[in-house]
Amino acid sequence: MRLLLLLSVLGVCWAQYNPHTVPGRTSIVHLFEWRWDDIALECERYLAPNGFGGVQISPPNENVVINNPSRPWWERYQPVSYKICTRSGNEDEFRDMVTRCNNVGVRIYVDAVVNHMCGNGVSSGTSSTCGSYFNPGLRDFPDVPYSAWDFNDGKCKSYSGDVENYNDIYQVRDCRLVGLLDLALEKDYVRSKIAEYMNHLIDIGVAGFRIDASKHMWPGDMKAFLDKLKNLNTSWFPEGARPFIYQEVIDLGGEAIKSSDYFGNGRVTEFKYGAKLGTVLRKWSGEKMAYLKNWGEGWAFMPSNRALVFVDNHDNQRGHGAGGSSILTFWDPRLYKMGVGFMLAHPYGFTRVMSSFRWPRYFVNGKDINDWVGPPNENGVIKRVTVNPDTTCGNDWVCEHRWRQIRNMVIFRNVVDGQPFTNWWDNGNNQVAFGRGNRGFIVFNNDDWELSVTLQTGLPAGTYCDVISGDKIDNQCTGIKIYVSGDGRAYFNIKNTAEDPFIAIHMDSKLHIKLDK
Ligand code: QV4
Ligand code: CA
């Protein structure tokens with residue numbers, strides 16, 4: 001009995017680090033700016049059948065409508081109220097999405113923008129996604145309600161009232177991030193309004209939250225509102241399940257505020273991951289894939305069980321936030337697939353796949369002046385996600401998560417879940433390989449010459465389909481076949497000119513031996 005009690009206590013205390021995906025599903029996808037009705041469809045027709053664990057959605061609460069520039073994606077990071085009412089849909093559509101996704105075992109994680117309300121310079125009125133009146137100048141948000149008492153103006157000590165110095169931890173927390181009205185989170189009233197908003201979402205059935213701009217909130221203030229959160233809805237989650245929490249904290253080192261300041265509240269985004277992986281795959285600053293042998297904590301990343309990892313995110317794929325020009329995105333598809341493939345094969349962290357929309361990038365002096373452009377839309381109404389006969393998306397939705405190489409690596413991660421990092425090999429340069437116990441093996445060639453080598457895979461003898469160049473369909477390989485002999489070794493040949501210069505095999509891509517009748 002005592003052991004059960006201990007296990008249940010343990011279960012409760014680390015639960016906020018647990019994404020509560022159904023067993024065997026190990027990644028989530030950020031369906032950036034998608035409509036709720038399209039997410040519900042995608043859960044049923046694609047994400048569940050392909051083993052995705054959940055979806056990070058764009059902020060569902062009412063935001064400012066910005067017309068100059070015209071409907072930028074970032075207007076959704078300027079809250080006006082906590083009404084579930086945005087261009088992605090209304091509360092009924094939101095409820096329908098959460099129910100339908102949960103019913104097929106795909107979780108919903110909400111992007112919670114609770115550090116601030118809208119920009120200080122925004123004009124008052126009802127230019128909001130649900131028509132609520134607000135007056136930034138007077139700090140008046142009657143639909144919450146928030147008033148001047150609920151903001152940090154008096155507390156901020158910077159000259160402009162905005163964050164000016166990222167090494168002053170008081171400014172970073174108590175001043176306005178790029179002019180966004182900063183909430184007074186030491187007040188129980190404000191904490192309660194935020195908890196009320198998040199509990200409303202928990203009642204509907206969400207599994208957890210990305211907490212936006214966490215660096216700009218005191219960890220203790222965050223803990224105060226997180227402790228007010230209910231357990232998850234028992235229609236889909238076990239009794240006592242705590243919401244999964246992952247906090248957006250950009251810490252590339254060198255700042256006063258550290259990711260580890262936030263470990264007590266939940267997981268934290270590891271921005272070093274994408275920045276470093278991009279540098280290695282681009283072979284900048286003398287980096288090479290052979291150095292990935294000790295990837296993870298060996299590269300001074302946070303502990304794996306606190307990390308939320310990704311190759312790119314909605315900010316740094318367009319030059320916002322952190323990571324700079326090393327960040328790999330869908331605009332560099334060949335390297336991008338290698339980066340996402342490497343992330344999904346490696347055991348470090350809890351993985352998030354980005355799914356983007358295409359926008360008309362236009363560089364002037366090295367800066368994309370169209371970095372603000374919002375989702376594909378018809379007079380402001382977000383366009384539906386159409387699906388082409390080849391399963392790619394139309395209407396300028398990129399759907400990276402549907403690219404065969406990425407979808408199959410999401411499945412790879414599920415198949416090898418729990419298996420150790422084994423059988424590392426490298427050529428001292430940019431040809432590397434590693435396995436995941438006896439369940440999976442992956443080989444990369446990022447050199448400018450052919451890879452031709454026999455390697456120990458750790459896998460049982462048999463014929464395996466490479467899931468990068470093709471699929472296993474009806475016990476046939478549509479792509480490359482790999483033959484693993486009785487001693488676990490197999491020959492790999494990857495031309496440096498290959499469309500995708502990497503090969504991945506796993507126990508579910510192994511051909512069944514046809515027994516002669
Ligand atoms: C401008 C001036 C300010 C001025 C203000 C007056 O720059 O100096 O005080 O007007 O109102 C948009 C505009 C920005 C404008 C601001 C307020 O780009 O120029 O300020 O609105 O009107 C996204 C975008 C921002 C955008 C913001 C709000 O990236 O460009 O600002 O939404 O619409 C840090 C943080 C990190 C943050 C990252 C971007 O530590 O937490 O910057 N990342 C998260 C989100 C990100 C979002 C925010 C935080 C804010 O991932 O998408 O910013 O919610 O590293
Ligand atoms: Ca703040």
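Only this structure's heavy atoms are used, side chains among them; waters, hydrogens and symmetry mates stay out. Both ligands and their constituent atoms are indexed starting at 1 by order of listing.
Looking at His216 and the Ca ion (ligand 2) together, the shortest N, O or S contact belongs to O.
Remark: ligand 1 and Val122 share no N or O pair separated by less than 3.5 Å (distance only, no angle test). For Trp73, no nitrogen or oxygen atom sits less than 3.5 Å from a nitrogen or oxygen atom of ligand 1, counting backbone and side chain alike. Geometrically, ligand 1 and Leu177 share no nitrogen or oxygen pair separated by less than 3.5 Å. The distance criterion of under 3.5 Å between nitrogen or oxygen atoms is met by His320 with respect to ligand 1.
The residue from Asp111, Asn115, Asp162 that puts a heavy atom closest to atom 9 (O) of ligand 1 is Asp162. Considering Phe271, Tyr166, Trp372, Trp74 only, the shortest heavy-atom separation from atom 18 (O) of ligand 1 involves Trp74. Comparing Glu248, Glu75, Lys215 against atom 41 (O) of ligand 1, the shortest heavy-atom distance belongs to Glu248.
The shortest non-hydrogen separation linking Asp182 to Cys175 is CG-O, 3.4 Å.
The Ca ion (ligand 2) has no N, O or S atom of Asp174 under 3.0 Å away, backbone or side chain. At least one N, O or S atom of Arg173 sits under 3.0 Å from the Ca ion (ligand 2).
There is no side-chain donor-acceptor pair under 3.5 Å between Gln78 and Asn63. Checked by atom type, the side-chain pair Ser81/Glu62 shows a donor-acceptor distance below 3.5 Å. Between the side chains of Ser192 and Glu196, no donor N or O sits under 3.5 Å from an acceptor N or O. No hydrogens or angles considered: a donor-acceptor pair under 3.5 Å links the side chains of Trp295 and Tyr273. For the residue pair His200/Glu91, the side-chain donor-acceptor check at 3.5 Å is satisfied. Checking Ser27 against Thr351 by side-chain atom types alone, a donor-acceptor pair falls below 3.5 Å.
Within 6.0 Å of OH in Tyr170 there are 12 or fewer heavy atoms belonging to other residues, nucleotides or ligands. The number of heavy-atom neighbours closer than 6.0 Å to NZ of Lys272, taken from other residues, nucleotides and ligands shown, is above 12.
Among all protein heavy atoms, the one lying closest to atom 55 (O) of ligand 1 is Ile250 CD1, 3.4 Å.
Under the 4.0 Å criterion applied to side-chain N and carboxylate O atoms, Arg282 and Asp332 are assigned as salt-bridge partners.
Under the 4.0 angstrom criterion for non-hydrogen atoms, Glu255 is not in contact with ligand 1. Not close to ligand 1: Arg176, with no non-hydrogen atom less than 4.0 angstrom away. The shortest separation from a heavy atom of Arg76 to ligand 1 is not under 4.0 Å, leaving the residue out of contact.
Neither the backbone nor the side chain of Met217 comes within contact range of ligand 1; no heavy atom lies under 4.0 Å. At a heavy-atom cutoff of 4.0 Å, ligand 1 is contacted by the side chain of Leu180 but not by its backbone. At a heavy-atom cutoff of 4.0 Å, ligand 1 is contacted by no atom of Asn313, backbone or side chain.
We find the CH2-CG distance between Trp359 and Asp368 to be 6.5 Å, quoted to the nearest 0.5 Å. Note that CD1 of Ile382 and OG of Ser58 are 7.5 Å apart. Values are rounded to the nearest 0.5 Å.
Listed by atom number, the atoms of ligand 1 under 4.0 Å from Asn120 heavy atoms are 11 (O).
Cation-pi geometry between Arg318 and Trp73 is satisfied (NZ or CZ under 6.0 Å from the ring centre, within 45° of the ring normal).
Distances from atom 2 (C) of ligand 1 to the protein include no heavy-atom value under 4.0 Å. Put simply, atom 5 (C) of ligand 1 has protein non-hydrogen atoms near it, under 4.0 Å away.
Rounded to 10°, the angle that OD1 of Asn115 and OD1 of Asp182 form at the Ca ion (ligand 2) is 80°.
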